[in-house]
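Reading through the C-alpha cells given below for one structure.
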Amino acid sequence: MILYSFPSSPFGCKVKAVILACQQEKNITVENFHPWLDAPFFRELNPLGKIPALKINEKEVLFDSPVICEYIMEKSGKLKALMPNKFNSLKIQALIDGMADAAVSMRYERFFRPKHLQCDDWYDRQYLALTSGLQYLESHFEDNLNHEILFENLCTTTFLSYLDLRFPDAPFHKDYRKLYDWNKEFMEKHAFLEPSTAKDHPIPANITCLQK
Ligand SMILES: N[C@@H](CCC(=O)N[C@@H](CS)C(=O)NCC(=O)O)C(=O)O
C-alpha cells in the first residue's frame, strides 16, 4: 500500500502515528506528495486533491485521514485496543481535525496568499477555533488524554508537533501548560512515535496557486 502524504501535514502525521502503533511500516510505503502540485494522477486517486490518501491496490484508494486511520487499525486487528472508548476517540479526533483545518488554513493564508489579499478577520476566526480547541483540551484534560497508546493520544501528539513546526512563536506552551507537559511525557515514554512528528520539507518550486 502507498500512503500519499507530506512531512508537514498534520493529517498525514496522524496516519503515520497509527501506522507505527499498528506496526504496519512494512505494509505501507510513504510517498511524499504536495497537494498543491495538483497532479492529474492524484486527482484520480482523490478527487478532492487532498492528502493523505491511501492507495490499497490498483482499484482501491481511501481518503480522508479518519477513514484511513480506521482502516489501518481494523485491518491490523488493533481497532479495539486503540479505541476502547470509541466515541471519546472519535470526538477527540473531530476536535483535533477541526483545529488542524483551522491551523492549516492560517498557514495557507499567510504563507501562500499574497499580502494584499490576506484577511486579518478571517485569520483571527481560525485562530479562535484553534485556541478554543486547545483550551477545551487543557480544561478537560483528565477526561480525554492519558499516557497509553490510544488513538486520541496519537491524534493529539501529532497535532501538537505540527503547531510547534508552523507556529513556533505562538504562546501555546505557556497558555496550555498541562497539555504540553503531557505531550512531553507521552513522547518520552513512546519515543518510537518520533518519525510521525511533523517535519519541515522543501515545497516544490512550481506551486503557483494563489500567487495572483
Ligand atoms: N479532512 C481531510 C483534510 C486533509 C487536508 O486538508 N490536507 C491538506 C494538507 S495538510 C491538503 O491536502 N490541502 C490541499 C488543499 O486544500 O487543496 C483529512 O482528514 O484527511
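Not measured: the values here are computed from a predicted model.
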Taking C-beta and beyond as the side chain, do Leu54 and Ile2 meet within less than 4.5 Å on heavy atoms? no
Hey, do the aromatic rings of Tyr4 and Phe41 have their centres closer than 6.0 Å? yes
Please answer whether the main-chain N or O of His147 pairs with a side-chain N or O of Glu185 as donor and acceptor at a distance below 3.5 Å. no
State yes or no: do Tyr108 and Trp122 share one hydrophobic cluster built from I, L, V, M, F, W and Y residues joined by side-chain heavy-atom distances below 4.5 Å, directly or via other members? no
Is Asp38 salt-bridged to Arg43, going by a charged N under 4.0 Å from an acidic O? yes
Indicate yes or no: at least one non-hydrogen side-chain atom of Leu82 is less than 4.5 angstrom from one of Leu150. no
Between Leu165 and Phe159, is there shared hydrophobic-cluster membership here, with clusters defined by ILVMFWY side-chain heavy atoms closer than 4.5 Å? no
Salt bridge or not between Glu188 and Lys184? Use side-chain N to carboxylate O under 4.0 Å. yes
Whether the side chain of His34 engages the backbone of Trp36 through a donor-acceptor N/O pair (distance < 3.5 Å, no angle test) should be reported. yes
Any side-chain heavy atom of Leu193 sitting closer than 4.5 Å to one from Ile149? yes
Is there side-chain contact between Phe172 and Leu134, with heavy atoms separated by less than 4.5 Å? yes
Testing the 3.5 Å rule here: is there a donor-acceptor pair between the side chains of Lys14 and Ser65? yes
Side-chain touch Ile68/Tyr71, heavy atoms, less than 4.5 angstrom: no
Is it the case that Asp164 and His173 place a side-chain donor and acceptor less than 3.5 Å from each other? yes
Taking side chain as C-beta onward, heavy atoms only, is Lys16 less than 4.5 Å from Glu25? no
Lys/Arg-Asp/Glu bridge criterion (N-O < 4.0 Å) met for Asp120, Arg110: yes
Step-by-step ring-ring contact (aromatic ring centres under 6.0 Å, His included) determination, Phe6 to Phe33: CA-CA 6 Å; Phe6 202 71; Phe33 175 75; 8.7 Å; no
Cut-off 3.5 Å, side chains only: do Lys75 and Gln24 have a donor facing an acceptor? no
Check whether any side-chain heavy atom of Phe63 lies under 4.5 Å from a side-chain heavy atom of Val67, and answer yes or no. no
4.5 Å side-chain heavy-atom contact, Ile72 and Ile19: yes
Which heavy atom in Gln126 sits nearest to a heavy atom in Met106, and how many Å separate them? CB-CG, 3.4 Å
In terms of hydrophobic clustering (I, L, V, M, F, W, Y; side-chain heavy atoms under 4.5 Å; direct or indirect links), are Phe167 and Tyr136 co-clustered? yes
Ignoring hydrogens and geometry, is there a side-chain-to-backbone donor-acceptor pair from Lys199 to Thr197 under 3.5 Å? yes
Is there a path of hydrophobic side-chain contacts, each under 4.5 Å between heavy atoms, that joins Leu128 and Val104? no
Will you find, in the side chains of Lys91 and Asn144, an N or O donor that is under 3.5 Å from an N or O acceptor? yes
I would like to know whether Glu70 and Lys86 meet salt bridge (charged side-chain N to carboxylate O under 4.0 Å, His left out); could you show each step before the answer? CA-CA 11 Å; Glu70 189 154 346; Lys86 186 170 177 178; 3.6 Å; yes
Within the 3.5 Å criterion, strictly below it, is a donor on Gln93 or Ser89 matched to an acceptor on the partner's side chain? no
Check the hydrophobic clustering (I, L, V, M, F, W, Y; side-chain heavy atoms under 4.5 Å; chains of links allowed) and say if Phe11 and Met83 are grouped together. yes
Does the pair Lys80/Glu74 count as a salt bridge with the N-to-O cut at 4.0 Å? no
